Protein chains: 4
Amino acid sequence: MTAGERTRATTRARLLASGKALFATQGLHHITTHDIAAHAGVAAGTFYNHFRDKAALFREITDEALAELTRRLDSVVDVKEDLEKGVRLQATALVGFAADNRDLIRILFSREADATAVQTDVLQLMADRSAAVRRELVANGTMPAEIDPEVFAQALIGMWARVVAWWAEDTSRMPREVVIETLTQIQLRGTHPQPKPSI
Amino acid sequence: MTAGERTRATTRARLLASGKALFATQGLHHITTHDIAAHAGVAAGTFYNHFRDKAALFREITDEALAELTRRLDSVVDVKEDLEKGVRLQATALVGFAADNRDLIRILFSREADATAVQTDVLQLMADRSAAVRRELVANGTMPAEIDPEVFAQALIGMWARVVAWWAEDTSRMPREVVIETLTQIQLRGTHPQPKPSI
Amino acid sequence: MTAGERTRATTRARLLASGKALFATQGLHHITTHDIAAHAGVAAGTFYNHFRDKAALFREITDEALAELTRRLDSVVDVKEDLEKGVRLQATALVGFAADNRDLIRILFSREADATAVQTDVLQLMADRSAAVRRELVANGTMPAEIDPEVFAQALIGMWARVVAWWAEDTSRMPREVVIETLTQIQLRGTHPQPKPSI
Amino acid sequence: MTAGERTRATTRARLLASGKALFATQGLHHITTHDIAAHAGVAAGTFYNHFRDKAALFREITDEALAELTRRLDSVVDVKEDLEKGVRLQATALVGFAADNRDLIRILFSREADATAVQTDVLQLMADRSAAVRRELVANGTMPAEIDPEVFAQALIGMWARVVAWWAEDTSRMPREVVIETLTQIQLRGTHPQPKPSI
DNA sequence: GATGAATGAGGCTTCATTCAT
DNA sequence: GATGAATGAAGCCTCATTCAT
């Protein structure tokens, strides 16, 4: 990599970082390309040397974030082995990602993530993945048929997104462990668990 | 009511209706006051005879929608009587509201609902209500302490909002009963219910 | 005069009064026809039953004011009789008019008075009158030729307008007598009178 | 100064010049930012690259004009030395400024100069300066107490502003020397000088 | 004549994007 | 590649005026 290339890469990285920081706190619509360039310490026109337009930067940020989140969730041991352990590990991975990428979470799980024209909805992508996995589990009887895979996927993603976006806004709101434990319990037992049948 | 007042009320209603329809499909930011006026069949300036600005119209739509939704949820019989029945009735009320007010649902449960300046987040309001109820139930032992009331509330609202917004986009996606049943099952047993202990 | 005519006249008078009060404090451009109608306690459309447009109302106010001011200045005894007495009486009449018609003064002597389209400049009218009188006085040697009648007229009117508009804004700024005396002295002796030659 | 900076400065200067020309002939309210931009040969948005808004441009023009006028008036030799000479030199400076800056005069001495929000009245500033100087002269007996410093200042400024604005509209109305001489005579002897006492 | 809802032209301002340097 | 001035389309909102009741 030449010196020029290094400079270019640095500029690009700074624009990305500025985009993350500003989109997270102000949202897509309130931030201008000038804001981002200024925050990155470059000229307004430089923005367009690196990104086709504002949507492209936003898209790149969300794509990257989604890839990383997906990677973390996938690296969890197979859920089928031990249901409780699997669910808890996934919740842990999700919350860990949120802690490490607070800005990204707020961007990813804001509804503006799908306001951008010609863009796939990030949450929908996650839901689709979940639904596919679920369909298998229902098919082979591991999961009950009363819970429809599509609806389940929307519910799961909605729950995750909201909880994690809420927590990422201010992580001092709640100890990380409580968030993980609550998500786990809800998944394993429901939001309104019925008392366990006494013997 | 005089003729003039009737005319005025009609115009106002048409603007409201146009706002609902357009916001639901295009979102707050993509719709202009001119769009709304044109859709309502009135001149651009007429918009401002009825609403201070675009945010005021949006706010009025969401406030009204929230009030109606709250009313429906509250009219359900007390959950404490019969847990399963209560949960199912609430899900039924929620889904019924979505079926009757598809546009409102999509507005209410879009994140743009909190993008408007000086506005309370609709979902947060619902979450606060849920959290308050839940704290009581945990306090008197009806609900398990492992599920934190705050986190629970965010999870419940996130789940509801996403499922219902998704379904309202295209209600032919899924029979209404399946949505209700799945929401009910998830609340009572979790997304990943453990197999019932065999005897 | 029928009852209807009396009502109509009353409405007109109230619009005029409202116009005076509002134009005086806020200026022509900051006041809307709605403001005037509202202040007068009538509907917006009623304004146009009495005045062709906003300029017409403004014009009528200034015309009326100018006529009254002219009347008062003209009623002063002839200046030629006794120079000092005449000058002082005119100053007295001017300041008296200001005291009695503070709103009118502020409208009449604001530059907005000539901002209205197709309107004769009120101050210019006064200047023209003064210049004409002056030309005679110069011609017959009563007044010195070093003081050009045209320039004199602009100077006199400018001085009067500014002093009186300033005082009318807040008459507690200065005792009325001081205003009169100063105007008189300036006219008789100049702003920078040279010391009287000692014998 | 780089080429870009030169271009920018040129654009700014053209906007300022256009503002002066247009405000002088049409007034603040009748001129739009688009008018100014078009007159300057730039796009509408360019205006806002150089001035926050229309008022800022207007303010800048008047501030600059006031500074220059003040500079000219201040550069005159001290009035106390020789009363007649001092008064005449000030009148000469004032009229010279008007001849050199006809547009500025019409803007500066229009009442719109104080119509702009959050703006100090230019004429009032001049009056305040004059009043302060005058108070001293009265205090030390150089000027007669019958002429109140505050009223005097309003009168002087009103007279100057009107005469000079009138003359600047069309300088062929009157030879420059006549304007100067008349202003001088009025200040030294009054508008209605009493015949000199014969011995 | 009074009413007041409706009209719509027009002004101000923002900002994503381009392009000459 | 970086710069940043310029662009101009587009949006929000105001308000003088009209007109049906």
Side-chain angles (χ1 to χ4, degrees), chain A residues 3-5 7-12 29-38 41-55 57, chain B residues 2-12 29-35 37 40-55, chain C residues 3-5 7-12 29-38 41-55, chain D residues 2-12 29-37 40-55:
Chain A
E5 279 168 347
T7 303
R8 177 166 168 76
T10 302
T11 301
R12 189 170 211 286
H29 293 291
H30 282 56
I31 291 299
T32 70
T33 55
H34 275 69
D35 290 337
I36 298 169
V42 299
T46 301
F47 183 95
Y48 292 87
N49 287 336
H50 294 276
F51 304 96
R52 176 193 308 284
D53 54 26
K54 195 167 71 161
L57 170 62
Chain B
T2 70
E5 279 167 349
R6 232 175 300 123
T7 303
R8 179 172 171 78
T10 302
T11 300
R12 189 171 211 284
H29 293 293
H30 283 55
I31 291 299
T32 70
T33 55
H34 275 67
D35 291 338
V42 298
T46 301
F47 183 95
Y48 294 91
N49 287 340
H50 296 276
F51 304 96
R52 177 190 305 284
D53 53 27
K54 195 168 66 159
Chain C
E5 280 167 345
T7 303
R8 176 166 169 76
T10 303
T11 301
R12 190 170 209 286
H29 292 292
H30 283 56
I31 291 299
T32 70
T33 55
H34 274 69
D35 291 337
I36 297 168
V42 300
T46 301
F47 183 96
Y48 291 88
N49 287 335
H50 294 276
F51 303 96
R52 177 193 307 284
D53 53 27
K54 195 167 71 160
Chain D
T2 70
E5 278 167 350
R6 232 174 299 123
T7 303
R8 179 172 170 78
T10 301
T11 300
R12 189 171 211 284
H29 293 293
H30 282 55
I31 290 300
T32 71
T33 55
H34 276 67
D35 291 337
I36 297 168
V42 299
T46 301
F47 183 95
Y48 293 90
N49 286 340
H50 295 276
F51 304 97
R52 178 191 305 284
D53 54 25
K54 195 168 65 160

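Keep in mind that this is a model prediction, so the values were computed, not measured. Reminder, nothing fancy here: chain letters follow the sequence lines and each chain counts from 1.
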Sequence-distant partners of Asn49(D), side-chain hydrogen bond (donor to acceptor under 3.5 Å, both in side chains), two or more places apart = none

side-chain hydrogen bond (donor to acceptor under 3.5 Å, both in side chains) with Asp53(B): which residues, sequence neighbours excluded?
-> none

Separation of atom [atom1] in [X] from atom [atom2] in [N], rounded to whole Å:
| X | N | atom1 | atom2 | value |
| --- | --- | --- | --- | --- |
| Glu5(D) | dG4(F) | CD | P | 9 Å |
| Arg52(B) | dT14(F) | CZ | C1' | 14 Å |
| His29(B) | dA16(E) | NE2 | P | 13 Å |
| His30(B) | dG11(F) | NE2 | C1' | 14 Å |
| Tyr48(A) | dA5(F) | OH | C1' | 15 Å |
| Arg6(D) | dA20(E) | CZ | C1' | 14 Å |
| Asp53(D) | dC12(F) | CG | P | 20 Å |
| Phe51(D) | dA5(F) | CZ | C1' | 14 Å |

Could you pull out the protein-nucleic contacts involving nucleotides 6-10 of chain E (nitrogen or oxygen on both sides, under 3.5 Å)?
unit_1, atom_1, unit_2, atom_2, d
dA6(E), OP1, Thr11(B), OG1, 2.2
dA6(E), OP2, His50(B), NE2, 2.6
dA6(E), N7, Asn49(B), ND2, 3.1
dT7(E), OP2, Ala43(B), N, 2.8
dT7(E), OP2, Thr46(B), OG1, 2.7
dG8(E), N7, Gly45(B), N, 3.2

In Å and rounded to the nearest 0.5 Å, what is the OG1 to CD distance from Thr7(B) to Glu5(B)?
->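 The OG1 atom of Thr7(B) sits 10.0 Å away from the CD atom of Glu5(B).
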
Nearest heavy-atom pair of Ala44(D) and Ala37(D): which atoms, and what distance?
->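 Minimum heavy-atom separation between Ala44(D) and Ala37(D): CA-CB, 3.9 Å.
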
Hey, are the side chains of Tyr48(A) and Thr33(A) touching, using non-hydrogen atoms and a 4.5 Å cut-off?
->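 Counting from C-beta outward, Tyr48(A) and Thr33(A) do come under 4.5 Å.
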
Taking side chain as C-beta onward, heavy atoms only, is Thr32(A) less than 4.5 Å from Asp35(A)?
->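 A side-chain contact exists here, since the closest heavy-atom pair is under 4.5 Å.
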
So which one's nearest nucleotide on DNA chain F is more toward 5', Gly4(D) or Thr33(C)?
-> Gly4(D)

Residues which pass side-chain contact (heavy atoms from CB on, under 4.5 Å) with Thr46(A), listed by chain and number, not counting sequence neighbours = Thr11(A), Val42(A), Ala43(A), His50(A)

Given Watson-Crick or G-U pairs with both distances under 3.5 Å, what dot-bracket string fits DNA chain E, with | for other-strand pairs and [ ] for crossing?
-> .||||||||||||||||||||

Below 4.0 Å: OP1/OP2 of dG11(E) and any side-chain N or O of Lys54(D) = no

Apply salt bridge (charged side-chain N to carboxylate O under 4.0 Å, His left out) to Arg12(C) and list each qualifying residue two or more places apart in sequence or on a separate chain.
-> Glu60(C)

May I ask you to decide if His29(C)'s main-chain N or O and Lys54(C)'s side chain share a donor-acceptor pair within less than 3.5 Å?
->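 Not confirmed, Lys54(C) side chain does not pair with His29(C) backbone.
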
